[in-house]
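One-based numbering along the sequence shown.
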Amino acid sequence: VLELTEAGKTLYAYALQMVELMEEARTEVKEVGIGANGRLTIGVNTFSAAGLPEVLRRFRELYPKVTYKIQQNESSHLCRLVRDRAVELAFVRLPLELGDDLTVLRHFSEPYYLITSENGKSFGPEVSLADIQDLPLLLPSTQGLGVHDSILEAFSRSRLHPNLVGECSDISLLISLVSSGFCSSIVPAALLARREGRAVRASRISHPADMTSSAGLIGLKNHRLSKAAQNFMDLLR
């Protein structure tokens with residue numbers, strides 16, 4: 001009768017572990033290849049596209065094993081992170097000087113909204129720039145974003161002269177100031193979620209009709225995306 005020696009039993013135990021590890025490795029490599037595993041690295045700016053949290057929630061339901069690196073910064077810095085491959089994709093506000101090495105993979109447009117204190121003058125669900133030009137407006141201003149300039153350009157195209165009291169780069173503070181009745185403001189739709197729990201009303205700016213805020217999802221030009229990033233792009237479509 002043949003029997004394993006103690007050394008043979010030890011070797012057999014290690015051999016079983018190696019087989020199991022090889023199977024796990026083969027499964028994990030396959031999952032990474034189809035995007036069921038891996039890492040999604042994205043950058044987001046202060047005014048990230050509306051609905052992004054919901055998209056990420058749905059993506060996680062589809063690919064529960066994917067891990068995330070989500071970095072928040074202003075748009076011009078996010079461009080540098082994409083160039084340095086610290087993140088693979090980034091949501092930025094447009095217009096923005098991207099350079100020859102970056103490309104816009106997806107383009108998003110969303111309306112602007114007037115936000116006012118609930119204790120101030122009441123407006124309907126929609127307003128025009130002419131309706132609000134006399135309100136004391138504190139506009140959002142963050143380095144690397146074109147939101148501030150695009151709002152001023154819209155007033156200029158309509159030959160209106162807004163009552164500007166200044167600008168504020170801190171969005172939470174801006175909404176708090178609006179809530180207090182200190183001022184009103186104009187913000188992209190993506191920021192409306194920030195007003196939860198605060199005494200703030202919102203009215204969509206419907207005239208001029210072409211007054212929209214643009215955002216884009218950028219990546220490196222001529223660069224193959226990871227399977228996780230490709231699946232994220234597919235979900236966005």
Just by distance, do the side chain of D84 and the backbone of A86 share a donor-acceptor pair under 3.5 Å?
no
Just grab all the ring pair (Phe, Tyr, Trp, His ring centres under 6.0 Å) pairs involving residues 210-237, residues at least two apart or on different chains.
F59-F232
Tell me the closest heavy-atom pair linking V147 and P140, and the distance in Å.
CG1-CG, 3.9 Å
Tell me, do E88 and L220 make a side-chain contact under 4.5 Å, heavy atoms counted?
no
Let me know which of S117, S179, S176 forms a side chain to side chain donor-acceptor pair (under 3.5 Å) with R198.
S176
Anything under 3.5 Å between a donor and an acceptor, one on a side chain of residues 207-216, the other on a protein residue two or more places apart or in another chain? List them.
| residue | atom | partner | partner atom | Å |
| --- | --- | --- | --- | --- |
| S213 | OG | R93 | NH1 | 2.4 |

Say you draw a straight line from CG of L62 to CG of N231; how long is it, rounded to the nearest 0.5 Å?
8.5 Å
Given D100 and K221, is the salt bridge (charged side-chain N to carboxylate O under 4.0 Å, His left out) satisfied, shown in steps?
CA-CA 8 Å; D100 296 333; K221 191 176 290 185; 5.5 Å; no
D131 side chain to S128 backbone, donor-acceptor under 3.5 Å:
yes
More than 12 heavy atoms of other residues, nucleotides or ligands under 6.0 Å from CZ of R157: is that the case?
yes
Side chain proximity check, I218 to L89, heavy atoms < 4.5 angstrom
no
Report yes if some heavy atom in the side chain of I115 is under 4.5 Å from a heavy atom in the side chain of S184; otherwise report no.
no
Charged N to carboxylate O below 4.0 Å: is that the case for E61 and R58?
no
Hey, what do you get for OG (S226) to CG (L40), rounding to the nearest 0.5 Å?
7.0 Å
Compute whether any side-chain donor of one residue and acceptor of the other, for S76 and E74, lie under 3.5 angstrom apart.
yes
Atom pair CG (L137) and SG (C183), whose distance is rounded to the nearest 0.5 Å:
8.0 Å
Given side-chain contact (heavy atoms from CB on, under 4.5 Å), test R201 with S122 step by step and report yes or no.
CA-CA 8 Å; R201 292 195 192 97; S122 178; 4.1 Å; yes
Measuring only between side-chain heavy atoms, which start at C-beta, is L174 closer than 4.5 Å to L138?
yes
Minimal heavy-atom distance between I151 and I186, with the atoms involved, is CD1-O, 3.6 Å
Please find the pair of heavy atoms, one from L98 and one from D101, that lie closest to each other, and give the distance.
O-OD1, 3.7 Å
Locate the shortest heavy-atom distance separating C168 from L173; write the atom from each residue and the value.
SG-CD2, 4.1 Å
Do L135 and N163 come close enough that some side-chain heavy atom pair is under 4.5 Å?
no
Within the side chain of S156, is there an N or O that forms a donor-acceptor pair under 3.5 Å with the backbone of L152?
no
Checking side-chain polar atoms at under 3.5 Å, does Y112 have a donor or acceptor matched by the opposite partner on S150?
yes
Show the nearest heavy-atom pair for residues M233 and R106, with the distance to one decimal.
CE-CG, 3.8 Å
Interatomic distance, F155 atom CZ to H161 atom NE2 [nearest 0.5 angstrom]
11.0 Å
Between V127 and G124, which heavy-atom pair has the shortest distance, and what is it?
CG1-O, 4.5 Å
Per side-chain contact (heavy atoms from CB on, under 4.5 Å), Q72 is matched among L78, V44, N45 by V44
When rounded to the nearest 0.5 Å, the distance separating CD1 of I132 from CG of L160 is 9.0 Å
Would you say the side-chain atoms of Q230 pair up with the backbone N or O of L225, donor to acceptor, closer than 3.5 Å?
yes
Please round to the nearest 0.5 Å and tell me the distance separating atom CZ of R83 and atom CG of L102.
4.5 Å
More than 12 heavy atoms from other groups under 6.0 Å of CZ on R159:
no
Hey, mind stepping through H148 and E167 against side-chain hydrogen bond (donor to acceptor under 3.5 Å, both in side chains) and telling me if it holds?
CA-CA 8 Å; H148 182 271; E167 56 190 60; 3.2 Å; yes
Is the shortest heavy-atom distance from the side chain of T41 to the side chain of R85 under 4.5 Å?
no
Checking the side chain of R204 only, and the main-chain atoms of Y113 only, is there a donor and an acceptor separated by less than 3.5 Å?
no
Please identify which of these residues, L236, V104, I42, meets the side-chain contact (heavy atoms from CB on, under 4.5 Å) condition with L217.
L236
